[in-house]
There are 2 protein chains.
Amino acid sequence: MARVQFDREQVIQDCTQLFWQQGFSGASMQKVVQATGLKPGSLYLAFGSKEGLYQAALEHYARQSQATLSQALENAPSVGEGICQQLLRMIEAAEKADYCSCFLVKSQLELAASGGDLHRRVCAYITEIEDLYVEYLQRDYPQDQARQYATSLMMHVFGIRVYGYLERDRDRLLAAVKSGLPWLPWDACEQEALQ
Amino acid sequence: MARVQFDREQVIQDCTQLFWQQGFSGASMQKVVQATGLKPGSLYLAFGSKEGLYQAALEHYARQSQATLSQALENAPSVGEGICQQLLRMIEAAEKADYCSCFLVKSQLELAASGGDLHRRVCAYITEIEDLYVEYLQRDYPQDQARQYATSLMMHVFGIRVYGYLERDRDRLLAAVKSGLPWLPWDACEQEALQ
DNA sequence: GGTTAATTTGAATATTCATTCAAGTAGAAG
DNA sequence: CTTCTACTTGAATGAATATTCAAATTAACC
């Protein structure tokens with residue numbers, strides 16, 4: 001089936017799921033071959049190396065995360081309520097059996113020691129997300145406060161992403177986030193959810 | 001030098017550092033051999049497998065963390081001030097060039113997908129630390145509040161451990177932690193530090 | 001329909017991996 | 001001093017690793 005190029009988007013999606021679950025070292029190229037259904041040669045022609053593939057997966061995940069976030073904040077009744085929704089969604093996600101934290105957070109911790117190009121990209125993507133929060137928060141707050149709130153937000157997101165693996169009382173995690181970010185319109189958001 | 005057994009404690013310490021930096025998949029047994037100076041045969045006789053070695057490293061790290069925490073909270077002017085000290089120490093640690101987050105957090109994220117014995121142990125160690133916080137907080141607060149505060153605390157610790165990798169303004173991270181945990185005696189703790 | 005060029009194929013490569021074990025060594029016991 | 005036993009040694013094992021490449025395939029073009 002030459003000249004009928006494989007669905008690049010689909011392959012990257014499959015890779016993203018695999019790397020997200022198993023990490024860079026944990027996911028062998030053999031597993032990638034299985035997950036994508038492609039042969040090694042095709043993968044290497046298209047992506048150059050395992051690192052190239054991981055890079056593509058990382059970018060796919062980051063772009064998707066940013067898009068989801070922007071969309072949610074645009075469509076919400078207010079930026080604050082949109083953020084609440086996102087946080088609630090993250091806490092809910094941690095309940096699922098196949099919970100997998102966040103691909104960027106996992107990559108950050110796995111790749112930091114290498115100090116390579118991949119790690120630099122991970123940092124950049126995370127920073128972009130923080131900056132996105134700043135941008136939206138500036139609609140309601142002065143710049144300095146927006147920056148500070150964004151940092152608090154990111155720290156809480158990271159906390160949720162790790163704490164989520166512990167099978168403990170979800171309500172306590174929720175209460176922790178609420179009390180840690182008291183400036184968010186939690187009540188308004190919960191009334192929305194009930195409707 | 002038969003019958004002169006190697007220094008088990010030292011070997012476990014070396015392994016802890018290696019696994020902490022590079023992770024389970026990232027640290028090959030060859031690297032362990034280099035780091036410890038032992039030959040494969042000795043390592044396998046003493047620890048059974050790579051997993052056995054990782055387990056020993058994990059336990060060493062967890063026991064040390066718990067001991068450090070207990071000691072700090074016992075010796076501090078108050079439990080709250082001791083906790084502040086610990087959090088400040090974590091934020092400071094993130095400044096160092098060879099910053100490596102927390103071995104338990106990194107293990108949690110790397111091993112969760114495997115669902116194996118190692119992961120169960122990681123969860124147990126983390127839970128023990130949270131319970132340790134509860135125990136000390138109960139000196140100053142009723143049980144329910146102590147539990148809730150401990151959860152908030154753990155979430156912030158996780159947040160610091162991940163956010164620490166980003167080379168951003170340390171003061172903003174500190175401010176985020178302070179505002180997220182407003183019930184802690186930050187002022188008293190900082191005056192202690194100045195003396 | 002034949003030629004070309006892009007794409008896929010999948011076996012083969014060399015390296016690295018975790019693990020094993022027969023042989024060697026040195027302290028303890030007699 | 002000899003024997004015994006516990007420990008260390010390190011080369012060897014086979015499986016898994018990332019990557020390559022010559023051959024096969026097929027769509028597009030003339």
Side-chain angles (χ1 to χ4, degrees), chain A residues 1-58 107 110-111 113-119 121, chain B residues 1-59 106-107 110-111 113-119 121:
Chain A
M1 276 184 284
R3 276 283 178 118
V4 179
Q5 230 185 141
F6 58 84
D7 183 348
R8 191 180 165 97
E9 214 37 49
Q10 181 63 51
V11 167
I12 292 177
Q13 231 170 296
D14 294 340
C15 285
T16 302
Q17 199 173 358
L18 183 70
F19 282 131
W20 185 0
Q21 270 179 34
Q22 316 211 6
F24 182 78
S25 298
S28 67
M29 282 304 287
Q30 205 185 115
K31 285 179 183 169
V32 174
V33 166
Q34 278 190 327
T36 60
L38 289 187
K39 305 295 161 183
S42 302
L43 288 168
Y44 276 84
L45 188 76
F47 298 97
S49 65
K50 189 184 180 183
E51 200 169 311
L53 249 158
Y54 196 91
Q55 208 176 99
L58 222 42
S107 298
E110 179 178 5
L111 304 173
S114 78
D117 186 52
L118 281 180
H119 178 237
R121 282 167 197 266
Chain B
M1 276 186 284
R3 275 283 178 118
V4 180
Q5 232 185 140
F6 57 84
D7 183 348
R8 192 182 164 95
E9 216 34 51
Q10 181 63 52
V11 167
I12 292 177
Q13 231 171 294
D14 293 340
C15 284
T16 303
Q17 199 173 357
L18 183 71
F19 282 131
W20 184 1
Q21 271 179 35
Q22 317 210 6
F24 182 79
S25 297
S28 67
M29 281 303 287
Q30 204 184 115
K31 286 179 183 168
V32 174
V33 166
Q34 277 191 327
T36 60
L38 289 187
K39 305 296 160 181
S42 303
L43 288 167
Y44 276 85
L45 189 75
F47 298 97
S49 66
K50 188 183 180 184
E51 200 170 311
L53 250 159
Y54 196 90
Q55 209 176 99
L58 222 43
E59 184 176 344
K106 291 182 80 172
S107 298
E110 179 178 5
L111 304 173
S114 76
D117 186 51
L118 281 179
H119 179 237
R121 282 166 197 268

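Atom set for the values below is all heavy atoms of this structure, side chains included, hydrogens, waters and symmetry mates excluded. Proteins come first, then strands; the chains are lettered A, B, ... in the order of their sequence lines, and each starts at number 1.
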*Asks:* Rounded to whole angstrom units, what separation is found between the NZ atom of A/K31 and the C1' atom of C/dC17?
*Replies:* 14 Å
*Asks:* A side-chain contact here means heavy atoms from C-beta on lying under 4.5 Å apart; do B/V32 and B/K50 qualify?
*Replies:* no
*Asks:* For A/G48 and B/L43, take the nucleotide of DNA chain D holding the closest heavy atom to each; which residue's nucleotide lies nearer the 5' end?
*Replies:* B/L43
*Asks:* Would you please confirm or rule out a distance under 4.0 Å between OP1 or OP2 of D/dT17 and any side-chain N or O of A/Q30?
*Replies:* yes
*Asks:* When you look at A/F47 and A/R8, which way does the side-chain contact (heavy atoms from CB on, under 4.5 Å) test go after all the steps?
*Replies:* CA-CA 10 Å; A/F47 298 97; A/R8 191 180 165 97; 3.5 Å; yes
*Asks:* Would you tabulate the pairs of protein nitrogen or oxygen atoms and nucleotide nitrogen or oxygen atoms of nucleotides 11-14 of chain D closer than 3.5 angstrom?
*Replies:*
none

*Asks:* Under 4.0 Å, counting only non-hydrogen atoms across every strand here, what does A/K39 touch: a base, just sugar-phosphate, or nothing?
*Replies:* base
*Asks:* Which nucleotide in the set C/dT8, D/dT9, C/dT19 lies at the smallest distance from any side-chain heavy atom of A/L45?
*Replies:* C/dT8
*Asks:* Can you tell me if the side-chain N/O atoms of B/S28 get under 4.0 Å from OP1 or OP2 in C/dT16?
*Replies:* no
*Asks:* Determine whether A/L53 and A/M29 satisfy the following criterion, side-chain contact (heavy atoms from CB on, under 4.5 Å), listing intermediate values before the conclusion.
*Replies:* CA-CA 10 Å; A/L53 249 158; A/M29 282 304 287; 3.9 Å; yes
*Asks:* B/E51 CD to C/dC17 C1': how many Å, rounded?
*Replies:* 16 Å
*Asks:* Is there a side-chain contact between B/S25 and B/E110, using heavy atoms and a 4.5 Å cut-off?
*Replies:* yes
*Asks:* Between atom CE in A/M29 and atom P in C/dT16, what is the gap in whole Å?
*Replies:* 18 Å
*Asks:* Output yes when a side-chain donor or acceptor of B/K106 lies under 3.5 Å from a complementary backbone atom of B/G23, and no otherwise.
*Replies:* no
*Asks:* Report which part of the nucleic acid B/L38 touches: base, sugar-phosphate, or nothing (heavy-atom distance under 4.0 Å, all strands).
*Replies:* nothing
*Asks:* Grab the two heavy atoms, one from A/S49 and one from A/Y44, that are nearest each other, plus how far apart they are.
*Replies:* CA-CE2, 3.8 Å
*Asks:* Does any residue of residues 13-24 of chain B have a heavy atom under 4.0 Å from DNA chain D, and if so, which ones, in number order?
*Replies:* none
*Asks:* Heavy atoms, side chains only, cut-off 4.5 Å: are B/T36 and B/L18 in contact?
*Replies:* no
*Asks:* Any idea which of C/dT19, D/dT19, C/dC17 is nearest the B/Y44 side chain?
*Replies:* C/dT19
*Asks:* Please report the distance, rounded to the nearest Å, between CG in B/L53 and P in C/dA18.
*Replies:* 11 Å
*Asks:* May I have the distance from B/K50 (atom NZ) to D/dA15 (atom P), rounded to whole angstrom?
*Replies:* 19 Å
*Asks:* Would you indicate whether B/Q30, at its atom CD, is surrounded by more than 12 heavy atoms from other residues, nucleotides or ligands within a distance under 6.0 Å?
*Replies:* no
*Asks:* Angle class for the A/F24/A/F19 ring planes (parallel below 30°, perpendicular above 60°, tilted otherwise)?
*Replies:* parallel
